[in-house]
Amino acid sequence: MTFPRPTVGKSRMMLPEGRSFELSMELLQGAIDIHVHATPHLPSSPRRLDPIEAAIQARDAGMQAIVLMDVFQMSNGVAWIVNRAVPDFKVYGGLILNTAYGGLNPRAVKTAIGYGDGARFVSFGAHSTHFQASSEGRIVDGQFTPLKDLYPDFKTEEVDRAIRIPVGGPVGSDLEEILELISANPHIFLNTGHVSPDEAVRLVDLACDYGIGNVLVATAVTSVASTDQLRYMAGRGAFIEYTLGAYTHTTSIPKTHYYVELEYAADEDMAGGTKGSVRGAAEQIREIGADHCILATDFGGYTLPDPVEGMRGFIASLLDLGMSAKDVRKLVKTNPERLLGLG
């Protein structure tokens, strides 16, 4: 993939491919947003829209599908409802293995496979990974302090129960059974979740060992991993996820994305979280290759635009940075289709 450079003439600078609002809308046609949070949530982090509204908006913009993510419940039950209510569109759901489901719980995975429209993904935790839970904290007297050091209950109830992926040695019976379940259901893709980069590398290697065909390196990993680590995982067949939510103003607003307790609202970006910008993401996509990456929004919160506008804005930003329409189409349509086993 190449990034065409603007051509500078005597009177004006010419940008490639006639970038325009119309082109960004055209590239939404047939697109899939694999990371939408338009599901019920806590009062501390209200939703902008409900899943039926999200599906209708995406359908009316010409998109073909969205994937709902919910940190509290398997979203394939909600997907079943939406698919009955909204014709000519498809909504997929799945399971995030948070502490609400007991972490690495094979029974939850077995249930999700057959519930509603059936899980289309299994994620290895969001805020309930040891890496994420240990990193969350707040600014206290000008100093970033992890929640586990501020609140003893947070350590015992969340950090001590959080998911860890062994970076070497045996995987353990629960993780082994979950990997076997995903492998036996090839329509399900493995989402690394919010694990550490080293843990994500191990999960990608394990996916290869267990014959799991479709793997997504979650944006939470992408934002902290090195380009070499991402390139390695892409080389092993994983898709690398980039969400616009990682680069917006709302990332730095304290909120409880997962915890019921209001005191656990975290200043997430203060722990060395998301680095770079949309420009940095574009350059990294260029290095890894558009064939190995996927764009999504991670939108649904009330501090953000609607997910459809988020996707259009992400597309437009990459066009502004010189990415070709052909490569953008891979990022928002071709690669998500491959991840979901469509077509």
Side-chain angles (χ1 to χ4, degrees), residues 32-42 50-52 54-55 65-85 90-129 132 161-165 171-195 199-200 203-204 206-207 210-221 238-239 241 257-258 294 296 298 300 336 339-342:
I32 301 171
D33 189 346
I34 64 166
H35 198 143
V36 177
H37 282 287
T39 52
H41 212 274
L42 300 172
D50 65 44
I52 291 177
I66 58 175
V67 178
L68 291 176
M69 304 195 76
D70 191 326
V71 297
F72 303 110
Q73 63 177 337
M74 54 185 79
S75 55
N76 35 296
V78 174
W80 179 86
I81 296 171
V82 178
N83 287 328
R84 290 171 66 88
K90 190 67 177 177
V91 176
Y92 300 99
L95 173 66
I96 302 177
L97 289 168
N98 284 326
T99 48
Y101 275 104
L104 290 176
N105 182 357
R107 187 68 180 173
V109 177
K110 288 179 183 178
T111 303
I113 289 170
Y115 179 67
D117 274 351
R120 207 58 177 235
F121 69 85
V122 172
S123 166
F124 283 86
H127 295 263
S128 295
T129 67
Q132 174 86 30
R161 296 175 179 174
I163 288 175
R164 292 194 200 209
I165 304 300
V171 298
S173 59
D174 288 342
L175 177 54
E176 181 176 39
E177 185 174 357
I178 292 169
L179 292 170
E180 289 172 346
L181 286 166
I182 299 172
S183 178
N185 293 273
H187 61 286
I188 297 175
F189 70 86
L190 184 157
N191 184 319
T192 64
H194 296 204
V195 298
E199 290 173 295
L203 276 175
V204 170
L206 287 169
Y210 281 79
I212 296 170
N214 294 313
V215 178
L216 181 71
V217 176
T219 190
V221 175
F239 285 109
E241 180 189 39
H257 293 288
Y258 178 68
I294 290 176
D298 196 6
L339 180 70
L340 289 164
L342 305 179

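We number each residue from 1, following the sequence as shown.
With sequence neighbours left out, Y92 forms a ring-ring contact (aromatic ring centres under 6.0 Å, His included) with no residue at all. Qualifying ring-ring contact (aromatic ring centres under 6.0 Å, His included) partners for F124, counting only residues two or more places apart in sequence or in other chains: none. In this structure Q73 satisfies the side-chain contact (heavy atoms from CB on, under 4.5 Å) test together with P40, D70, V78, Y101, sequence neighbours excluded. Evaluation of the side-chain hydrogen bond (donor to acceptor under 3.5 Å, both in side chains) rule for T219 yields T243 as partners, not counting sequence neighbours.
Proximity of V67 to R120: side-chain heavy atoms (C-beta onward) are nowhere separated by under 4.5 Å. A 4.5 Å side-chain heavy-atom check between I96 and F72 finds every atom pair outside the cut-off. Between L179 and L175, the closest side-chain pair of non-hydrogen atoms falls below 4.5 Å. Side-chain contact between M69 and T39 is absent, with no heavy-atom pair separated by less than 4.5 Å. Side chains of T111 and M74 form a contact here, defined as non-hydrogen atoms less than 4.5 Å apart. Between L97 and I178 there is a side-chain heavy-atom pair separated by less than 4.5 Å. Residues I32 and L339 have side chains not in contact (no heavy-atom distance under 4.5 Å, counting atoms from C-beta outward). Between V71 and H41 there is a side-chain heavy-atom pair separated by less than 4.5 Å.
For the residue pair A79 and V91, the shortest heavy atom distance occurs at CB-O, 3.6 Å. Annotation for R107 and N105: closest pair N-OD1, 3.0 Å, computed over non-hydrogen atoms. Closest of all the heavy-atom pairs between P51 and V82 is CB-CG2, 3.8 Å. Nearest approach of V195 to A200, heavy atoms of both residues: CG2-N, 3.6 Å. Annotation for H35 and A296: closest pair CB-CB, 3.7 Å, computed over non-hydrogen atoms. Contact between P106 and L181 at its shortest, heavy atoms only, is O-CD1, 3.8 Å.
No donor-acceptor pair closer than 3.5 Å links the side chain of R161 to the backbone N or O of G103. Under the 3.5 Å distance criterion, the side-chain polar atoms of D50 are matched with a main-chain donor or acceptor of I52.
Note that CD1 of I182 and CD1 of I212 are 5.0 Å apart. Values are rounded to the nearest 0.5 Å. Separation of atoms CD1 (I66) and NZ (K90) is listed at 12.0 Å; rounding is to 0.5 Å. Put simply, CD1 on I165 and CG on L104 are 5.5 Å apart, with the number rounded to the nearest 0.5 Å. To the nearest 0.5 Å, the span separating CG on N214 from CD1 on I188 amounts to 11.0 Å. Atom-to-atom distance recorded for I34:CD1 and L68:CG is 12.5 Å, nearest 0.5 angstrom. Taken to the nearest 0.5 Å, the CZ atom of F121 stands 10.0 Å off from the CG atom of L340.
Residue pairs meeting the side-chain hydrogen bond (donor to acceptor under 3.5 Å, both in side chains) criterion with at least one member in residues 74-84, sequence neighbours excluded: N83-D117. Contacts classified as side-chain hydrogen bond (donor to acceptor under 3.5 Å, both in side chains) and involving residues 181-194 (residues at least two apart or in different chains) are given here: Q132-H194.
Shown here is Y115, whose OH atom has no more than 12 heavy atoms of other residues, nucleotides or ligands within 6.0 Å.
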